[in-house]
Amino acid sequence: MKSLHALHHKLSDTDTQIEILEQGVEQKLGLPLFQKKMDDAGLFPLKPTSLDIFQVNLGKMCNQVCKHCHVDAGPDRKEIMTRETMEECLRALAVSDMNTVDMTGGAPEMNPHFRWFVEECRALGKHVIVRCNLTIIVANPKYHDLPEFYRKHNVEVVSSLPFYNADKTDRQRGTGVFKDSVRALKMLNEVGYGQEGTGLMLNLVYNPSGAFLPASQESLKRQFKRALKNEFDIEFNDLYAITNIPISRYLDYLISSGNFEGYMEKLVNSFNPVAAQGVMCRNTLSVSWDGYLFDCDFNQMLELPVASPAHQHIRDFDAQALMEREIVLNQHCYGCTAGAGSSCGGATA
Amino acid sequence: METYYDPKDLKKFGKIGEFQKPLADKFFAYYGEVFAEGALTAREKSLIALAVAHTVQCPYCIDAYSVDTLEKGCTEEEMMEAIHVAAAIRGGASLVHGVQMMNKVKELSM
Ligand code: SF4
Ligand code: SF4
């Protein structure tokens with residue numbers, strides 16, 4: 001399977017995606033635009049509440065090509081962050097109060113400067129989260145020591161596992177992914193991840209394998225805990241239930257399976273003002289592989305930069321100015337405010 | 001083609017309160033409480049609802065509880081097993097009446 005980008009698919013154009021979403025909500029479904037909904041909830045324009053989390057996208061390169069990927073990542077994507085841009089990120093981190101560095105991709109570990117960057121962030125005293133897709137750990141012998149590297153630097157590992165069986169996981173993430181994920185989870189458990197008393201955090205991410213919304217995070221966590229323990233003797237700390245955001249490859253899936261309108265209608269009708277108050281863009285700043293700044297990873301993939309024209313690149317980082325920005329909202333944002341809400345840390349309401 | 005059942009009508013279920021609001025309000029309050037987490041989990045209740053939906057052969061309920069069980073993280077195997085339970089009870093309910101037939105036949109036969 002190839003990325004939309006490699007296929008020159010029309011959805012690899014971000015303006016096309018935004019247009020489809022706007023037309024879908026307003027014209028096809030006759031529903032209010034997200035901005036209006038936020039206005040009604042007293043949340044427009046939406047402003048940040050703090051700058052706590054710095055989410056760094058180390059590149060679009062990945063060993064997997066998941067069907068729902070909002071990054072359109074894959075082995076055919078070559079865009080990865082340079083060491084110079086990482087140095088610019090470190091300079092910004094050194095002068096800011098952002099205490100958490102959340103590294104994502106693609107597979108962030110495929111960036112040759114990844115380990116150095118983790119070490120530098122830890123040296124600055126930052127809490128480091130790595131969004132590890134698990135299979136990378138077993139993909140090549142050079143990655144087999146990643147669990148040990150994470151342990152040594154006390155990195156929090158957050159990993160996607162859409163279900164506790166092979167069938168649903170592989171349908172979304174590719175054949176054999178479940179088997180490799182189980183192997184990687186066991187390796188993480190072996191060095192102490194997910195085990196009581198070690199302080200080594202291993203959190204899993206559930207997202208629906210299809211055009212439906214996630215159930216309550218608590219009940220999914222109970223199910224996952226029971227099934228993974230009983231069947232594979234795997235332990236983990238927390239589970240985050242995340243809603244699929246209707247962009248990129250997931251948008252392609254929705255349209256080609258005939259589910260686009262039904263899914264958007266469901267998202268809009270499940271708008272929850274409490275979840276809307278807690279959307280992650282209010283305390284997060286996202287930086288792309290080439291150093292541009294965004295309100296979140298989704299806006300990054302839609303090429304909607306921060307609305308702070310003089311500070312759109314990490315080299316121009318200015319915490320004060322960025323705190324005063326208005327967050328850029330569009331129809332994909334309905335994915336963050338449906339039901340119990342959704343963020344990189346799970347439910348928000 | 002016009003049919004008695006229209007999938008769009010499912011979304012109008014909440015509007016039955018337009019006629020006789022107090023009873024509709026009571027029904028929905030009861031419904032909500034029935035499906036909340038209790039001695040049975042919301043997930044178990046959703047699987048029961050899916051099975052019952054097939055027993056009463058209500059297309060609205062089948063639609064609603066296929067989605068709901070999926071959302072609650074049920075597997076396809078669990079969903080189909082729930083329906084087999086409904087089918088077994090339904091088939092068994094017919095078959096067990098065979099005893100009644102046998103009783104009658106024996107009563108009338110030499
Ligand atoms: S979802 Fe994650 S693991 Fe899958 S292709 Fe995208 S970046 Fe890679
Ligand atoms: S998609 Fe991004 S900008 Fe929109 S609500 Fe979610 S986190 Fe905020």
Side-chain angles (χ1 to χ4, degrees), chain A residues 28-31 161-172 178 204-228 230-231 239-244 257-259 261-270 335 338-340 342 346-347, chain B residues 1 3 5-18 24 28 31-54 58-85:
Chain A
K28 288 199 184 141
L29 293 166
L31 292 168
L161 191 70
F163 213 68
Y164 46 78
N165 69 23
D167 183 37
K168 284 196 187 200
T169 302
D170 289 5
R171 265 190 270 160
Q172 180 183 115
F178 184 74
L204 296 183
V205 173
Y206 162 91
N207 64 291
S209 315
F212 53 94
L213 301 185
S216 114
Q217 191 162 282
E218 268 313 302
S219 92
L220 284 167
K221 179 172 149 187
R222 278 200 303 274
Q223 277 176 57
F224 268 70
K225 285 239 171 204
R226 200 172 43 230
L228 289 178
N230 292 348
E231 286 177 45
L239 179 122
Y240 304 147
I242 293 188
T243 303
N244 289 310
S257 62
N259 280 305
E261 286 174 33
Y263 189 74
M264 289 310 294
E265 187 175 18
K266 192 154 203 181
L267 288 185
V268 177
N269 290 338
S270 313
S342 180
Chain B
M1 194 183 73
T3 64
Y5 284 119
D6 180 348
K8 289 196 196 85
D9 286 346
L10 175 57
K11 292 189 190 106
K12 298 182 195 153
F13 187 23
K15 294 192 181 144
I16 58 154
E18 269 176 34
F28 286 119
Y31 195 100
E33 228 168 284
V34 164
F35 281 95
E37 296 273 337
L40 292 175
T41 64
R43 183 176 186 272
E44 287 163 339
K45 289 177 184 182
S46 187
L47 279 167
I48 295 171
L50 181 71
V52 175
H54 283 77
C58 167
Y60 301 125
C61 305
I62 293 173
D63 184 338
Y65 284 93
S66 298
V67 177
D68 196 63
T69 42
L70 264 182
E71 290 187 344
K72 296 248 169 8
C74 299
T75 63
E76 280 90 338
E77 289 84 353
E78 288 171 318
M79 291 156 73
M80 191 53 94
E81 280 184 26
I83 294 169
H84 276 293
V85 170

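Here is the naming used below: chain letters follow the sequence lines, and residue numbers restart at 1 for every chain.
Considering all non-hydrogen atoms of both residues, Phe163(A) and Thr75(B) come closest at CE2-CG2, 3.4 Å. When all heavy atoms are compared, the tightest approach of Leu70(B) to Lys168(A) is CD2-NZ, 3.7 Å. Taking all atoms of both residues into account, the shortest heavy-atom contact from Tyr206(A) to Glu71(B) is OH-O, 4.4 Å. Between Lys72(B) and Ala215(A), the closest heavy-atom pair is CA-CB, 3.5 Å.
Only the backbone of Pro214(A) comes within contact range of chain B, judged by heavy atoms closer than 4.5 Å. For Asn165(A), the part lying under 4.5 angstrom from a heavy atom of chain B is the side chain only. Contact annotation for Tyr164(A): only side-chain heavy atoms (C-beta onward) come within less than 4.5 Å of a heavy atom of chain B. Contacts of Leu213(A) with chain B are made by both backbone and side-chain atoms, with heavy-atom separations under 4.5 Å. Heavy-atom distances place no part of Glu218(A) under 4.5 Å from chain B, backbone and side chain included.
Annotation: the span from Arg43(B) atom CZ to Ser216(A) atom OG amounts to 11.5 Å, rounded to 0.5 Å. The distance from the CG atom of Asn269(A) to the NZ atom of Lys11(B) is 8.0 Å, given to the nearest 0.5 Å.
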